[in-house]
Amino acid sequence: MAGEWIAYDIGLPDKPEVQELIDTTGDPVEVIVFRLLRLWGWSAMNTADGRARMTVPRLVRTCGADAAFWQAVAAVGWLEIDETDATVAIPGWDRRFSQAAKSRLQQADRSASHDDRRRRVGPADARPSEGPTPQRGRGDRGDRGEDPPPPREAAQGEPEATDGGWLAFRKLWNDGAAAGNRKVWKPATPPDGWTERLSEGGWLEHAGEAIARLAKCRYFDTPVPLTQFLGPRFVPLCLGGQYDAAKAKRGGREPEARTVTPWTGDDAERFEATKRKLLESLTKETK
């Protein structure tokens, strides 16, 4: 249900003024924050500039607590009490809390102007578009012409922090795709199979090595699509050399064996270790 509202600073409980009120009054933070919201909400509903004819006893009766509490609020600079004129005022009202009160005053002025125009020109001549602007409530645009920012904006992080590595992987896949024997993936979202492969420990690291080997794989006649690459066994088979040789053509001769220069040194040891891990993983999945 829409209604009057005031902006709430989510950092209010940690502000130095609130912490000083905790030390001065001994009240818990939730009690102090609630009393302040009672004061500001009452002022938004009943004043135009944050100043009201209000004695301290009346303030206590309206917003709770006791006289000592509101004197403490005045001491931190969030309330002005004039006992001579019997008024209380909220400093900085125009900057922080005036939207609701101004909206009501402007609505009253528009309604009065509209009623006066209808009396002068007659109901038949009044244009519907010149009617009073509806009263604004929660979620409507205020007199500043903007909505309060939705809470989710503050919680959003950078895409790289929440995509599981997809953006970096997509860039790696698309960079040099034409020369690397793979087809560019244009959608911004990953295809089916991405989540399943990502859940396999170490897959993402091995996938980078497999992408680098695609350019040397003679088995494929056309560029490899990402959907095929994300198959459950594609990466281990690729790293195991299963796609290095050209595919045999039907009704023709087997392709001639090609000379492969063996890896030596650290490269050979790293390749054999990776191959053993992938084959062991593949064997476990088969069982």
Side-chain angles (χ1 to χ4, degrees), residues 1-119 131-149 151 154:
M1 181 177 66
E4 292 289 354
W5 60 277
I6 59 173
Y8 172 72
D9 183 353
I10 60 175
L12 177 63
D14 299 320
K15 286 187 177 296
E17 292 85 350
V18 172
Q19 295 300 312
E20 184 176 342
L21 288 173
I22 295 174
D23 295 335
T24 302
T25 65
D27 293 326
V29 63
E30 60 269 21
V31 172
I32 292 174
V33 169
F34 175 78
R35 289 171 180 170
L36 291 172
L37 291 177
R38 285 277 296 166
L39 170 66
W40 297 333
W42 183 91
S43 299
M45 292 292 293
N46 295 278
T47 73
D49 58 0
R51 181 177 298 275
R53 292 189 57 81
M54 176 81 77
T55 62
V56 174
R58 195 181 306 161
L59 177 62
V60 170
R61 186 170 64 247
T62 302
C63 300
D66 54 21
F69 176 83
W70 297 112
Q71 292 291 349
V73 175
V76 300
W78 281 0
L79 186 65
E80 295 177 354
I81 300 174
D82 191 335
E83 296 183 356
T84 303
D85 293 337
T87 61
V88 295
I90 299 176
W93 174 265
D94 286 338
R95 185 176 69 257
R96 295 184 294 175
F97 303 110
S98 62
Q99 182 173 334
K102 284 184 177 180
S103 179
R104 287 194 304 276
L105 291 176
Q106 290 172 353
Q107 165 66 15
D109 291 341
R110 284 192 293 266
S111 296
S113 175
H114 174 68
D115 292 341
D116 181 65
R117 185 165 57 252
R118 286 181 62 88
R119 283 193 296 270
T133 302
Q135 179 73 27
R136 302 189 186 278
R138 186 183 302 274
D140 296 330
R141 295 169 66 86
D143 60 331
R144 294 178 299 173
E146 60 185 28
D147 291 332

Got Arg35 and Cys63 here, is their nearest side-chain heavy-atom distance under 4.5 Å?
-> no
Taking distance alone, no hydrogens or angles, what donor-acceptor pairs closer than 3.5 Å link side-chain atoms of residues 10-23 to residues at least two apart or in another chain?
{"unit_1": "Lys15", "atom_1": "NZ", "unit_2": "Asp9", "atom_2": "OD2", "d": "3.2"}
{"unit_1": "Gln19", "atom_1": "NE2", "unit_2": "Pro13", "atom_2": "O", "d": "2.8"}

Looking only at heavy atoms, what is the nearest atom pair of Ala44 and Ile6, with distance?
-> CB-CG2, 3.7 Å
Pro91 to Gly77 - nearest heavy-atom pair and separation | CG-O, 3.5 Å
Between CG of Asp66 and CG of Asp27, what distance do you get to the nearest 0.5 Å?
-> 8.0 Å
Mark yes when over 12 heavy atoms from residues, nucleotides or ligands other than Glu30 sit less than 6.0 Å from its CD; otherwise mark no.
-> yes
Straight-line distance of Arg38 CZ to Ser43 OG, nearest 0.5 Å | 11.0 Å
Which pair of non-hydrogen atoms, one from Ala74 and one from Ile81, has the smallest distance, and what is that distance?
-> CB-CD1, 4.2 Å
Looking at Thr47, Thr87, Thr62, which one forms a side-chain contact (heavy atoms from CB on, under 4.5 Å) with Met54?
-> Thr62
Within the distance-only criterion (no hydrogens, no angle test), does the side chain of Trp70 pair as donor or acceptor with the backbone N or O of Gly64 below 3.5 angstrom?
-> yes
Could you tell me whether the side chain of Trp40 reaches within less than 4.5 Å of the side chain of Tyr8, counting heavy atoms only?
-> no
Distance from Ile32 atom CD1 to Thr25 atom OG1, nearest 0.5 Å?
-> 4.0 Å
Nearest non-hydrogen partners of Thr55 and Ala86, listed with the distance | CG2-CB, 4.0 Å
d(Leu36 CG, Phe69 CZ) to nearest 0.5 Å is 5.0 Å
Gln71 and Glu83 have their tightest heavy-atom pair at NE2-OE2, 3.6 Å
Closest approach of Thr24 to Ala72 (non-hydrogen atoms, all atoms of both residues) | CG2-CB, 4.1 Å
Hits for side chain to side chain donor-acceptor pair (under 3.5 Å) against Asp85, two or more places apart or cross-chain, chain-then-number order -> none
